[in-house]
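Presented below is the structure to which this report refers.
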Amino acid sequence: MPMRPWFTDAKLGIFIHYGIYAVDGWAESWSFYTGEVSHEEYMKELEGFTASRYDPQAWAELFARVGAQYAVLTTKHHDGVALWDTAHGDLNVARHTPAGRDLVGGFADALRERGLKVGLYYSHSDWNHPDYPSIRHVKPGEPPSPFSHAEPGKEDPAAWERYLAYRDGQVGELVDRFRPDLLWFDGEWERTEEQWRMGELAELILAGNPDTVLNARMLSYGDYATPEQGVPLQAPDGPWELCLTVNDSWSYRPKDRDFKSVRQLVRYFTETIGMGGNLLLGVGPREDGTIPEEQVERVEGLGAWVTKHAEAVYGTVAGLPAGHHYGPSTLSADRRTLYLMCFDAPRESVSIRGLRNTIRRVTVLGTGTELGHHVTGGLDAVPGVTWIDAPAQTDLDEYATVLAVELDGELDLYRGTGRD
């Protein structure tokens, strides 16, 4: 099926890792898997998870205000603790935490009221389910953990069948009850596509809602690629999304103070959309449901830049290939306006190489100031270099200045090796 247009047009989404791990600030699920904390101590966090200030309306208002078009909530991480009152399995916050209620429905409703698309994260793997460590990956890359794999000779195919029925039941509930626009799967590396029965799972989801977008962790049944924590040097084929944390952690970890600056986030964002992707920016709420102020401040800073430069963000596609301009760029949908991102103050001029078009006008986005431009060199089929006058200090943006370059027609680039 063709990709849903809303996804490729979205540009910015928010990724929320919220669960019992926020009580003591442990890494989500991985902390007990790797032995950072004992399993017993990790599970005691159920007793402290209150969601006492959980306000999905406030979340949605923030996400909409900063220009996000969708948000993704961790409905069940690898620890198996569901954020809704599932009928499949007993481990969920409605039954076993002071929160005592479903936390997914309000999230979905609040987003839709703000016109945002609803994304739900779900982990294929479940390190707390008794039937999960019943088989092994056919080619395990690391020594298996007792939380994830059966010991050799102790495989139990019947238990694995029960686990798949449990997983399918929970995913079916998410689709039927909350009607997500996007399902963001994870944990796929612990089994093969055949072991997961991905084809059957995809059929189940799309039978319930054929418009559901699926990420690449549905393996060959995914709709888009999901690079994580680093902008790829080459864009993946087809639609894609970079998931990135504001500090170094997905979940709430108060000791992690390595926050990215707004300037760095703007750079990540523009480099991502300049290559045709979306940025899914992660925040980790406290156990009470409030998002830490340091994260809000940075998300709002990025949002202010996005709002000011919305013309260069929404309704655009990937811009110039590397080498034509020293920075990211986007291109209007009609391919007649280039938007050049400049992270640093240009000293004399901004150049474009290989541009065959005639430029009609160049303006600074946000101020409207028109800039002069001229072409030098060029021979036969090889165009010269286009030089755009550097904007004045008063026209510079604090984080990234954007120049709108209006062309005489659709973008036409020279990509050859020059005259012999």
Side-chain angles (χ1 to χ4, degrees), residues 17 19-21 24 26-47 74-93 95-97 121-174 183-205 214-222 226 228 250-251:
H17 278 63
I20 66 168
Y21 34 82
D24 292 325
W26 297 116
E28 67 293 340
S29 305
W30 288 100
S31 52
F32 76 80
Y33 186 91
T34 61
E36 179 184 0
V37 61
S38 71
H39 179 263
E40 180 182 8
E41 187 174 357
Y42 182 94
M43 296 309 294
K44 281 183 178 178
E45 293 180 299
L46 287 164
E47 300 171 6
T74 51
T75 66
K76 191 209 75 169
H77 208 268
H78 314 319
D79 62 11
V81 182
L83 293 191
W84 79 101
D85 53 341
T86 176
H88 300 272
D90 186 58
L91 189 54
N92 64 77
V93 299
R95 296 179 203 168
H96 294 289
T97 74
Y121 168 110
Y122 183 87
S123 172
H124 293 292
S125 56
D126 187 331
W127 296 332
N128 261 314
H129 196 286
D131 291 328
Y132 182 68
S134 55
I135 62 169
R136 298 163 56 84
H137 192 295
V138 291
K139 294 181 180 179
E142 299 177 356
S145 163
F147 294 113
S148 60
H149 289 85
E151 294 180 11
K154 294 187 177 181
E155 293 85 356
D156 186 346
W160 183 244
E161 292 297 321
R162 292 195 300 269
Y163 179 77
L164 290 178
Y166 153 81
R167 180 208 58 181
D168 292 351
Q170 287 197 330
V171 172
E173 281 183 333
L174 293 176
L183 278 171
W184 209 105
F185 286 95
D186 199 8
E188 81 296 341
W189 68 87
E190 292 194 327
R191 304 286 189 266
T192 66
E193 184 167 304
E194 292 73 21
Q195 287 173 320
W196 286 126
R197 296 188 190 156
M198 289 297 195
E200 295 177 21
L201 179 60
E203 287 182 11
L204 180 152
I205 294 165
L214 306 175
N215 74 334
R217 299 174 196 199
M218 280 289 289
L219 301 176
S220 65
Y221 295 90
T226 55
E228 184 171 338
W250 290 110
S251 57

For this session: Using side-chain contact (heavy atoms from CB on, under 4.5 Å) as the criterion, point out the one residue from E155, K154, R191 that pairs with H149.
Result: R191
Exercise. With no hydrogens and no angle check, do the side chains of Y121 and D186 hold a donor and an acceptor under 3.5 Å apart?
Worked result: yes
Seminar exercise, completed: Residues at least two apart in sequence or cross-chain that pass salt bridge (Lys or Arg N to Asp or Glu O under 4.0 Å) with D24, listed by chain then number, are none
Exercise. Do W84 and L174 come within less than 4.5 Å of each other through their side chains, counting heavy atoms only?
Worked result: yes
Exercise. S125: what forms a side chain to side chain donor-acceptor pair (under 3.5 Å) with it, not counting sequence neighbours?
Worked result: H78, S123
Exercise. Would E193 and S220 count as having a side-chain donor-acceptor pair, cut-off 3.5 Å?
Worked result: yes
For this session: For this output row, return yes or no: ring centroids of Y166 and H88 closer than 6.0 angstrom.
Result: no
Exercise. So, the side chain of R167 versus the backbone of W196: is there a donor-acceptor pair under 3.5 Å, distance only?
Worked result: yes
Exercise. Do H124 and L201 come close enough that some side-chain heavy atom pair is under 4.5 Å?
Worked result: yes
For this session: Please examine the side chains of E161 and D131, heavy atoms only from C-beta on, and report whether any two atoms are closer than 4.5 Å.
Result: no
Problem set entry | Validation row: D79, W26 side chains within 4.5 angstrom (heavy atoms) | no
Exercise. Does a side-chain N-to-carboxylate-O contact under 4.0 Å join R95 and D90?
Worked result: yes
For this session: Indicate yes or no: at least one non-hydrogen side-chain atom of S29 is less than 4.5 angstrom from one of W127.
Result: yes
Exercise. Taking C-beta and beyond as the side chain, do S148 and Y132 meet within less than 4.5 Å on heavy atoms?
Worked result: yes
Exercise. Does the side chain of T74 reach to within under 4.5 Å of the side chain of W250, using non-hydrogen atoms?
Worked result: no
Problem set entry | Y122 side-chain N/O to T75 backbone N/O, donor-acceptor pair under 3.5 Å | no
Exercise. Would you say the side-chain atoms of E188 pair up with the backbone N or O of L219, donor to acceptor, closer than 3.5 Å?
Worked result: no
